[in-house]
Amino acid sequence: MNKRFLITTALEETFPNDQPLLLLGEWCRPFSKKNQLDNLNVKLLPYHWDDRSKLHRDYLYLDKFYEKLLSELTFTLNDIHGTQHDKRYWRILIGPWLGYFVQIIFDRWSSLNNAIKEYELSGTNIKSFEEDLFIPHNSRHFAGLITSDEWNHFIYSYIIKNYTSINYKIKPGTFKIIKERSVHQSNFESKIKEKISDFINLIFRFAQREDDIFFINTYLSKKKEILLSLKLNQIPLFYHNNFLDDLKIKSDKGKREWKLSGNNNSKFEVFARSIIPKQIPSIYLEGYKLFNKKLSTLSWPSKPKTIFTSSSYHADDLFKLYAAKKTQQGTPLIIGQHGGGIDRKS
């Protein structure tokens, strides 16, 4: 069997000039090299989750593993921050990030291990990098990172260097800065609507009660939301995402030396527990105190009867902190399902 040179992402600096190649997936085909690759000796690794029975087995496993990690992080983060929050508090705050992160790194781990099993590999190229570049600031930043070749190259490289015997060469290079983004990018029209909502809220803020039901990103029409508020005997107020663009937090290696305490049942679990302290968004670690201070500046109901959203539970960290705190005080959190994906654990 001919040895093949492993390509993990579409970063062109990692491509050799004259070797048989193994592409880890379709994502490895840079558009600029499409015609060139078609003429080379290239193999494409089949995607491991095309096997739907494996997908189901892995889903069940990752669901259980997520719960174990969440319990460990509950203990660890309470210890770091000197708090005594319960597991549900941390589920609401960090659960969306943790759930996606564990699934993503398992997927990358599985692809690499399949490549090792199915092919004899001659080696791979790894770009030199500083780990700090790939620490998410918050949920929005994480959403931007995971779709970038740079972040994925970092994850694959971390696995290759620490958990495989694949030969690799370090290539000098630079990485572009991955910016924060939301699931739904704000456009000019939506920003104007937000300004109008802020103005309306300013006018009617005097009528806000501390126990008003809190609505945000309900996916209801404005007409229905107004009628619903009036039926509940409260003045309609329109809140929107309060992303943390102005809260810049530097990572601190000294605050990331901790370890998760669970028992490892596989090499993947060793990897997962080792990389979580390196990858947990800084808003939950170094910036936690500033994060809480920022929340205190928002004029949201202090004792809401109920909190209702259809999307803010996912990427709006300020909302998640607000919801986590209020649920500890007994406020119900209701999440409206608006599509196929929903976090049933919130």
Side-chain angles (χ1 to χ4, degrees), residues 55-110 135-143 145-146 155 255-289 291-292 295 307 309 311-335 337 341-346:
L55 174 64
H56 181 65
R57 292 194 305 272
D58 290 346
Y59 164 76
L60 296 176
Y61 161 70
L62 291 171
D63 189 52
K64 291 180 180 179
F65 187 46
Y66 162 88
E67 291 294 338
K68 291 179 183 178
L69 292 173
L70 185 60
S71 295
E72 294 166 30
L73 281 166
T74 295
F75 174 82
T76 300
L77 292 173
N78 277 332
D79 183 54
I80 290 171
H81 297 309
T83 56
Q84 295 181 331
H85 300 309
D86 61 20
K87 188 175 179 180
R88 187 165 189 236
Y89 171 96
W90 292 110
R91 184 191 302 281
I92 293 170
L93 185 55
I94 70 169
W97 165 77
L98 180 63
Y100 280 118
F101 183 72
V102 171
Q103 293 169 29
I104 289 166
I105 62 172
F106 182 82
D107 171 69
R108 286 21 170 202
W109 175 275
S110 298
I135 297 173
H137 304 148
N138 51 48
S139 293
R140 289 183 80 200
H141 191 206
F142 176 67
L145 284 169
I146 61 176
I155 295 296
K255 293 184 178 180
R256 293 177 177 267
E257 298 299 323
W258 45 274
K259 297 180 180 180
L260 294 176
S261 57
N263 295 322
N264 296 307
N265 297 314
S266 67
K267 204 171 178 181
F268 165 72
E269 293 187 8
V270 175
F271 158 60
R273 287 188 170 96
S274 76
I275 201 168
I276 283 174
K278 298 175 182 293
Q279 277 284 294
I280 186 169
S282 55
I283 198 70
Y284 308 138
L285 192 62
E286 295 94 339
Y288 185 70
K289 289 183 180 178
F291 187 21
N292 278 265
L295 180 65
I307 298 171
T309 187
S311 64
S312 288
Y313 73 94
H314 175 256
D316 186 344
D317 285 311
L318 277 169
F319 168 80
K320 289 188 289 180
L321 181 60
Y322 174 78
K325 286 177 175 291
K326 299 310 172 186
T327 56
Q328 284 204 314
Q329 298 169 9
T331 300
L333 170 61
I334 300 174
I335 296 174
Q337 184 167 355
I342 191 73
D343 181 1
R344 62 180 176 79
K345 301 183 183 67
S346 293

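Residue indices begin at 1 and follow the sequence shown. Quantities reported herein were computed from a predicted structural model and do not represent experimental measurements. Keep in mind that the numbers below use all heavy atoms, side chains included, and drop hydrogens, waters and symmetry copies.
- Closest approach of Y313 and P96 over heavy atoms only: O-CG, 3.4 Å.
- Applying the salt bridge (charged side-chain N to carboxylate O under 4.0 Å, His left out) test to pairs two or more places apart or on separate chains, those with a residue in residues 267-277 are E72-R273, E269-R273.
- Side-chain atoms of N78 come within 3.5 Å of backbone N or O of T74 as a donor-acceptor pair.
- Put simply, the side chain of T76 never gets that close to the backbone of L73: no donor and acceptor are under 3.5 Å apart.
- Around CD of Q84, the count of heavy atoms belonging to other residues, nucleotides or ligands within 6.0 Å does not exceed 12.
- W258 and F75 have their aromatic ring centers separated by at least 6.0 angstrom.
- Using cut-offs of 30° and 60° on the angle between ring planes, the pair W97 and F142 is perpendicular.
- With I135 as the fixed residue, the side chain to side chain contact (heavy atoms under 4.5 Å, CB included) test singles out one of E286, R256, H141: R256.
- Between the side chain of N138 and the backbone N or O of I283 there is no donor-acceptor pair closer than 3.5 Å.
- Annotation: side chain of N265 is not in contact with side chain of Y61 (no heavy-atom distance under 4.5 Å).
- Put simply, the side chain of D316 does not reach to within 4.5 Å of the side chain of T309, judged on heavy atoms.
- In the displayed structure, H81 atom NE2 is contacted under 6.0 Å by more than 12 heavy atoms of other residues, nucleotides or ligands.
- Using a 4.5 Å cut-off on side-chain heavy atoms (C-beta onward), Y322 and I307 make contact.
- Using a 3.5 Å distance cut-off with no hydrogens or angles, the side chains of K325 and N292 do pair a donor with an acceptor.
- You'll find the side chain of L98 stays beyond 4.5 Å of the side chain of I280, heavy atoms only.
- Taking a 6.0 Å sphere around OH of Y288, one finds it holds more than 12 heavy atoms contributed by other residues, nucleotides or ligands.
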